[in-house]
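Comments concern the structure below.
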Protein chains: 2
Amino acid sequence: MHRELELVESIDKLTELTRRFQKQLLTGDLKEYTLRQLYYIELIHKKTGISISELSKILDVKKSTVSIAVNQLIDADIVIKNQSKTDKRFYSLELTSKGADIINKHMQVHRNTIRKILEILNPEEVDSFIKIINKISKV
Amino acid sequence: MHRELELVESIDKLTELTRRFQKQLLTGDLKEYTLRQLYYIELIHKKTGISISELSKILDVKKSTVSIAVNQLIDADIVIKNQSKTDKRFYSLELTSKGADIINKHMQVHRNTIRKILEILNPEEVDSFIKIINKISKV
DNA sequence: TATAATAGTTAGTTAGATAAAACTATTTAA
DNA sequence: TTAAATAGTTTTATCTAACTAACTATTATA
């Protein structure tokens, strides 16, 4: 099927595109962080209050790995850890203001990309793009 | 602008989507390779005859890094290296049949994703998707 | 022809992310 | 109430991917 082949191509292009986004991310204001760190920060932002174990499940890596990574972010004043009062084994994670600032800078990098996208797509295409990505990301 | 915010979201979703594609890639038949290796293999496939230096420019890493990575692929019988006759300093790279097989398996993983995409998008959306990705990837 | 530049290699090093295993503290369940 | 389970930490070790710097071989140039 011809369309199927075009879709294989599209997936490759998407991967390439993402690679470029990530490269952009690592130049400029956020270059002192690794992609992995930025991903941790993003997850803690989106799921405020998440625990080490939950992060470990989402990322599919061992708790020890997450523990080390999160404690680095805590040392860097990006994340804080609060011990749960109902179950003292748990610690809920959230961003500090420095962490929130990183999220903003991250979004700013995306906005620069978006400016370019808005230049080359017409309004109907922008709508389709948003709609289609929403659909696909639910797969 | 409201649409701008939605586009920021879309970019995040694309990144997440790509992360999932890559995870799929690392389970199943290709799990013995790293993402980096698969990327090298893909580049050598798309640009048959490419040299170490050219790869180094595309990937934006030092020649020594590429040299080591490529020689690993040669040792694993995935890539072969031919010394140029017109300039003996150059070696042109290409895939072996084992390398070609990896490309096929890589595409097979994508096809599974595509099957799912074709289930949730209607034909017009598939067309838009392909068209829009083509436009954006030229940015 | 002697010197520069280029392609690729090799040796040694470092940073980052991971895991296994043994550990503490706390909570749950038999 | 004792044993098992859970959350998180620490230590030790491994692997990948990257770097620098010094190297060989080859080609281009002054």
Side-chain angles (χ1 to χ4, degrees), chain A residues 15 19 22-23 25-27 30-44 47-76 78-94 102, chain B residues 15 19 22-23 25-27 30-44 47-76 78-94 102:
Chain A
T15 309
R19 250 191 280 266
Q22 295 184 337
K23 195 144 204 177
L25 220 47
L26 296 182
T27 54
L30 298 174
K31 67 164 161 279
E32 61 184 300
Y33 307 108
T34 66
L35 280 177
R36 202 64 182 160
Q37 283 177 322
L38 292 174
Y39 190 31
Y40 273 94
I41 295 167
E42 199 186 313
L43 283 175
I44 293 168
K47 299 172 189 289
T48 301
I50 195 171
S51 68
I52 305 275
S53 306
E54 286 167 324
L55 266 182
S56 153
K57 274 173 209 151
I58 292 175
L59 294 165
D60 193 24
V61 293
K62 298 290 167 203
K63 282 187 306 176
S64 58
T65 303
V66 177
S67 174
I68 291 165
V70 166
N71 283 314
Q72 276 171 8
L73 293 175
I74 290 169
D75 290 345
I78 292 166
V79 168
I80 47 178
K81 190 166 72 171
N82 296 303
Q83 191 171 34
S84 161
K85 277 158 191 161
T86 54
D87 186 339
K88 288 181 184 165
R89 290 172 301 180
F90 280 87
Y91 293 83
S92 69
L93 304 173
E94 57 180 312
I102 291 169
Chain B
T15 309
R19 252 190 280 265
Q22 294 185 337
K23 194 146 205 175
L25 220 47
L26 296 183
T27 54
L30 298 175
K31 65 165 162 279
E32 60 184 302
Y33 307 108
T34 66
L35 279 178
R36 202 63 184 163
Q37 284 178 321
L38 292 175
Y39 190 31
Y40 273 93
I41 294 167
E42 199 186 315
L43 284 175
I44 294 168
K47 298 172 191 289
T48 301
I50 196 171
S51 67
I52 305 275
S53 305
E54 285 168 325
L55 266 182
S56 154
K57 274 174 207 152
I58 290 175
L59 294 165
D60 194 23
V61 295
K62 297 292 168 200
K63 282 186 304 174
S64 57
T65 303
V66 177
S67 175
I68 292 165
V70 165
N71 283 313
Q72 276 172 5
L73 294 175
I74 290 170
D75 290 345
I78 292 165
V79 167
I80 47 178
K81 190 165 71 171
N82 297 302
Q83 192 172 32
S84 162
K85 277 157 192 163
T86 55
D87 186 339
K88 288 181 184 165
R89 290 172 301 180
F90 281 87
Y91 292 83
S92 70
L93 305 172
E94 57 180 312
I102 291 169

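None of the values given here were measured: they were computed from a predicted structure. Chain letters run A, B, ... following the sequence lines, proteins first, then strands; residues in each count from 1.
- Looking at A:Glu94 and A:Asn82, their side chains come closer than 4.5 Å, going by heavy atoms from C-beta outward.
- Going from atom OH of A:Tyr33 over to atom P of C:dG16 covers 13 Å, rounded to whole Å.
- For A:Ser67, counting side-chain heavy atoms from C-beta on, the closest listed nucleotide (C:dG8, D:dT10, D:dA7) is D:dT10.
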Expected list for residues 54-62 of chain A: side-chain donor-acceptor pairs under 3.5 angstrom, two or more places apart:
unit_1, atom_1, unit_2, atom_2, d
A:Glu54, OE1, A:Ser51, N, 2.9
A:Glu54, OE1, A:Ser51, OG, 3.2
A:Ser56, OG, A:Val61, O, 2.8

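- The CG atom of A:Asn71 sits 16 Å away from the C1' atom of C:dG16 (whole-angstrom rounding).
- Here the C1' atom of nucleotide D:dT6 and the CD atom of A:Glu54 are 13 Å apart, to the nearest Å.
- Rounded to 10 degrees, the angle separating the terminal helix axes of the helix from C:dA5-D:dT26 to C:dA30-D:dT1, each built from five base pairs, is 20°.
- The distance between atom CG of B:Leu93 and atom C1' of C:dG8, rounded to the nearest whole Å, is 11 Å.
- To the nearest angstrom, P of C:dA25 lies 18 Å from CZ of A:Phe90.
- Distance, A:Asp75 CG to C:dG16 P: 14 Å, rounded to whole Å.
- Residue A:Gln22 contributes atom CD, which lies 16 Å from atom C1' of C:dG16 at whole-angstrom precision.
- Between B:Ile78 and B:Tyr33 the shortest side-chain heavy-atom distance falls below 4.5 Å.
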**Prompt:** For every nucleotide of nucleotides 15-22 of chain D, 5' to 3': is a protein heavy atom under 4.0 Å from its base (B), only from its sugar-phosphate (S), or from neither (-)?
**Reply:** -SSSBBB-
Pick out the pairs of N or O atoms, protein on one side and nucleotides 27-29 of chain D on the other, that lie under 3.5 Å.
unit_1, atom_1, unit_2, atom_2, d
D:dT27, OP1, B:Lys88, N, 2.8

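- Within the model, atoms CD of A:Gln22 and CZ of B:Arg19 stand 6.5 Å from one another, a figure rounded to the nearest 0.5 Å.
- Within 90° of 0 lies the glycosidic angle of C:dA4, which makes this nucleotide syn.
- Note: A:Ile102 CD1 to A:Ile41 CD1 = 4.0 Å, rounded to the nearest 0.5 Å.
- Atom C1' of nucleotide D:dT9 and atom CD1 of A:Ile52 are separated by 10 Å, given to the nearest angstrom.
- Here the CG atom belonging to B:Leu93 is positioned 5.0 Å from the CD1 atom belonging to B:Ile44, to the nearest 0.5 angstrom.
- The backbone N or O of B:Lys88 lies less than 3.5 Å from a partner atom in the side chain of B:Gln83, making a donor-acceptor pair.
- In this structure B:Ser84 satisfies the side-chain contact (heavy atoms from CB on, under 4.5 Å) test together with B:Thr86, B:Asp87, B:Phe90, sequence neighbours excluded.
- What you find for B:Ser92 and B:Gly49 is that their closest heavy atoms are CB-O, 3.2 Å.
- Atom-to-atom distance recorded for B:Leu38:CG and A:Thr15:OG1 is 11.5 Å, nearest 0.5 angstrom.
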Return all side-chain donor-acceptor pairs below 3.5 angstrom for residues 66-76 of chain A, not counting sequence neighbours, or 'none' if the list is empty.
unit_1, atom_1, unit_2, atom_2, d
A:Ser67, OG, A:Asn71, ND2, 3.4
A:Asn71, OD1, A:Lys81, NZ, 3.3
A:Asn71, ND2, A:Ser67, O, 2.9

